[in-house]
Number of protein chains: 2
Amino acid sequence: MSLTEQIYVDLRSAIAEGRYAPGQKLKAEHIAKQLDVSGGTVREALNRLLSDGLVEVADRRGFTVAPFSVDDLRDITRARLLIEVECVRDAVAHGDDRWEASVVAAYHHLEMLARQRGGTDDWHELELRNRAFHAALVSGCQSPSLIGFHHQLFTRHYRYRRYALQDRGIVSGARKDHAALLRAVTERNVETATEIIRAHILRTQESSEALVAAFVSESSMTRKS
Amino acid sequence: MSLTEQIYVDLRSAIAEGRYAPGQKLKAEHIAKQLDVSGGTVREALNRLLSDGLVEVADRRGFTVAPFSVDDLRDITRARLLIEVECVRDAVAHGDDRWEASVVAAYHHLEMLARQRGGTDDWHELELRNRAFHAALVSGCQSPSLIGFHHQLFTRHYRYRRYALQDRGIVSGARKDHAALLRAVTERNVETATEIIRAHILRTQESSEALVAAFVSESSMTRKS
DNA sequence: GTCAATAATTTTCTCGAGAAAATTATTATT
DNA sequence: AATAATAATTTTCTCGAGAAAATTATTGAC
């Protein structure tokens, strides 16, 4: 893996996990010094991050972390309702055996961790496996474009997930959703699968919106100081 | 406008217009010499082009022009049927007065040129205005994400448009579609507008697929020499 | 004290060179 | 002649420096 790509994935994680605040400037030279690479390399990674919608660029005034707002969350949710639901519909309808097996594998991998004591042992690993499950599910869709769009939306949504996860009901609900989704997949029940996904996306949105709103207004307070 | 951005838009046009062949390698240093800029600058533009799906990158083996195939065309068409139709539905339902006026303006600008003798006078300008009309139409949609996806799909589809345009019926049909679309917009007739767009996308696909297939197989012949 | 003009600093952008890796050409071996 | 190993070439990647532009700080006028 080239250095540029390494920096690219590192920065993507850092932004998605909130280690860089929304709206914050991403000064190439500054980041370069921290990571002990050249400014040009960081610059290249930053340009690549534009694809993911996590970073914005303004001519002659550099890169910034994409804003974080209730509107943005609503936008992501809405696009997911269109695209992710369609991806799942298509995957369940047309995915082949290999795909179905990969979904079973991803589900099992996720469930193994979720089954552990308490559940919230290794947050980061849990999110990784959750992401892998959803990616596997969607990968059966026959449209590379839609899969790509879904991937971007999922990445952008990552910053908002932590707020949904504070809702106890969402966490346990998600686990039930995953089980139900797996059954719908193996039974090739398109209607059930799409309905679960749709409900899942909507519920996540509803439970996180208030918390996101609170965070946004709070951070705009502190920003004034 | 920074040099990087200039190179970026230039390369985007060049690829969309087919001046770089699908699959062709895009050697930064080589392009840099032609445009009389540094390799790093071209490299940055190339990285930015990844967002548009016109260029692909493979680690340690550089950038290539995205492949061109019937499958790709079908994929684009399918994604457009989902996303563009939804964008138009939303725009017609929720676009404000300013939006409606911008659609009228874009339509008029396009129609002024189309009305000219013969029609196919200045191809390039016609395409520019056609693109502006569609962009105006979609800009009324309340979802920035969906607008962004539509923009990417439209850009990627540009390479295939020339084949649809060889069909006489498509060209005159498009003009009628635009007129009907404008009426549906001013009358706020959501059902009619979405139906026209859907039919328009499908017809374009149908009339170009055979020609694209012919071109692909032909170019794979010559490639063997 | 407020505002505008100027100066100092920081940041972004662009370049050309060199190291690392991949590709192509050449030679050697069967 | 076909394959494999080696050498030569090209290409990609990475760096650090300097020019251009933007931001911040300072000064001066009112």
Side-chain angles (χ1 to χ4, degrees), chain A residues 1-15 19-67 219-220 222-225, chain B residues 1-15 19-67 219-220 222-225:
Chain A
M1 191 189 264
S2 69
L3 196 45
T4 295
E5 194 160 336
Q6 186 63 57
I7 306 293
Y8 163 65
V9 300
D10 285 358
L11 280 178
R12 189 178 56 188
S13 301
I15 295 171
R19 294 203 359 248
Y20 289 97
Q24 181 182 340
K25 295 212 70 178
L26 293 164
K27 300 174 192 172
E29 216 59 44
H30 191 251
I31 295 169
K33 207 166 273 180
Q34 288 186 316
L35 304 179
D36 197 38
V37 294
S38 91
T41 302
V42 172
R43 192 153 241 283
E44 215 167 312
L46 250 13
N47 270 298
R48 219 171 273 193
L49 272 167
L50 295 174
S51 315
D52 298 303
L54 287 175
V55 161
E56 295 181 349
V57 67
D59 209 68
R60 287 282 177 196
R61 61 201 50 172
F63 300 87
T64 52
V65 178
S219 70
S220 74
T222 55
R223 210 183 175 289
K224 279 174 190 159
S225 64
Chain B
M1 190 189 264
S2 70
L3 194 45
T4 295
E5 194 160 338
Q6 187 62 57
I7 306 293
Y8 163 66
V9 300
D10 285 358
L11 281 178
R12 190 178 55 189
S13 300
I15 295 171
R19 295 198 5 244
Y20 289 96
Q24 183 183 339
K25 293 212 70 178
L26 293 163
K27 299 174 192 171
E29 216 60 43
H30 192 250
I31 295 169
K33 207 167 273 180
Q34 287 185 317
L35 303 178
D36 197 38
V37 295
S38 90
T41 302
V42 172
R43 191 152 242 283
E44 214 167 313
L46 250 13
N47 270 299
R48 221 171 273 194
L49 272 167
L50 294 174
S51 315
D52 299 302
L54 287 175
V55 161
E56 296 181 346
V57 66
D59 209 66
R60 286 284 178 195
R61 61 202 49 172
F63 300 86
T64 53
V65 178
S219 70
S220 73
T222 55
R223 211 184 174 290
K224 278 175 191 160
S225 66

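These values consider heavy atoms only, across backbone and side chains, with no hydrogens, waters or symmetry-generated copies. Convention: sequence-line order gives letters A, B, ...; per-chain numbering from 1.
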Can you tell me how far apart CG (B:Leu50) and CG (A:Leu49) are? Round to the nearest 0.5 Å.
11.5 Å

In residues 58-67 of chain B, what residues come within less than 4.0 Å of DNA chain C, judged by heavy atoms?
B:Arg60, B:Arg61

Below 3.5 Å between N/O atoms, which protein atoms pair up with nucleotides 17-19 of chain D? Just atom names and distances, please.
none

Could you check how far CG of B:Leu46 sits from C1' of C:dT14, rounded to whole Å?
16 Å

Cut-off 3.5 Å, no hydrogens considered: what does the side-chain donor-acceptor table look like for residues 29-40 of chain A, sequence neighbours left out?
{"from": "A:Ser38", "atom 1": "OG", "to": "A:Gly40", "atom 2": "N", "distance (Å)": "3.4"}
{"from": "A:Ser38", "atom 1": "OG", "to": "A:Thr41", "atom 2": "N", "distance (Å)": "3.3"}
{"from": "A:Ser38", "atom 1": "OG", "to": "A:Thr41", "atom 2": "OG1", "distance (Å)": "3.3"}

Between the protein and nucleotides 6-10 of chain D, which nitrogen or oxygen pairs come in under 3.5 angstrom?
none

Among the nucleotides C:dC15, D:dT14, C:dT12, whichever has the atom closest to the side chain of A:Lys25 is C:dT12

Without placing hydrogens or testing angles, list every side-chain donor-acceptor pair under 3.5 Å for residues 53-63 of chain B, not counting sequence neighbours.
{"from": "B:Asp59", "atom 1": "OD1", "to": "A:Ser2", "atom 2": "OG", "distance (Å)": "3.1"}
{"from": "B:Asp59", "atom 1": "OD2", "to": "A:Ser2", "atom 2": "N", "distance (Å)": "3.0"}

For the CG atom of B:Leu46 and the OG1 atom of B:Thr64, what is their distance to the nearest 0.5 Å?
9.5 Å

Take atom CD of B:Glu5 and atom P of D:dA21, then tell me their distance rounded to the nearest Å.
15 Å

Can you list, by residue number, the residues of residues 30-40 of chain A that have a non-hydrogen atom closer than 4.0 angstrom to DNA chain C?
none

Can you tell me how far P of D:dT14 sits from CD of A:Glu44, to the nearest Å?
7 Å

Is any side-chain nitrogen or oxygen of B:Ser2 closer than 4.0 Å to OP1 or OP2 of C:dT12?
no

To the nearest angstrom, how far is B:Gln6 atom CD from D:dA20 atom C1'?
17 Å

B:Met1 CE to C:dT14 C1', in whole Å, measures 17 Å

Would you give me the side-chain donor-acceptor pairs under 3.5 Å for residues 3-15 of chain A, sequence neighbours excluded?
{"from": "A:Gln6", "atom 1": "NE2", "to": "A:Asp10", "atom 2": "OD1", "distance (Å)": "3.2"}
{"from": "A:Tyr8", "atom 1": "OH", "to": "A:Arg12", "atom 2": "NH1", "distance (Å)": "3.3"}
{"from": "A:Tyr8", "atom 1": "OH", "to": "A:Asp52", "atom 2": "OD2", "distance (Å)": "2.6"}
{"from": "A:Ser13", "atom 1": "OG", "to": "A:Val9", "atom 2": "O", "distance (Å)": "3.1"}

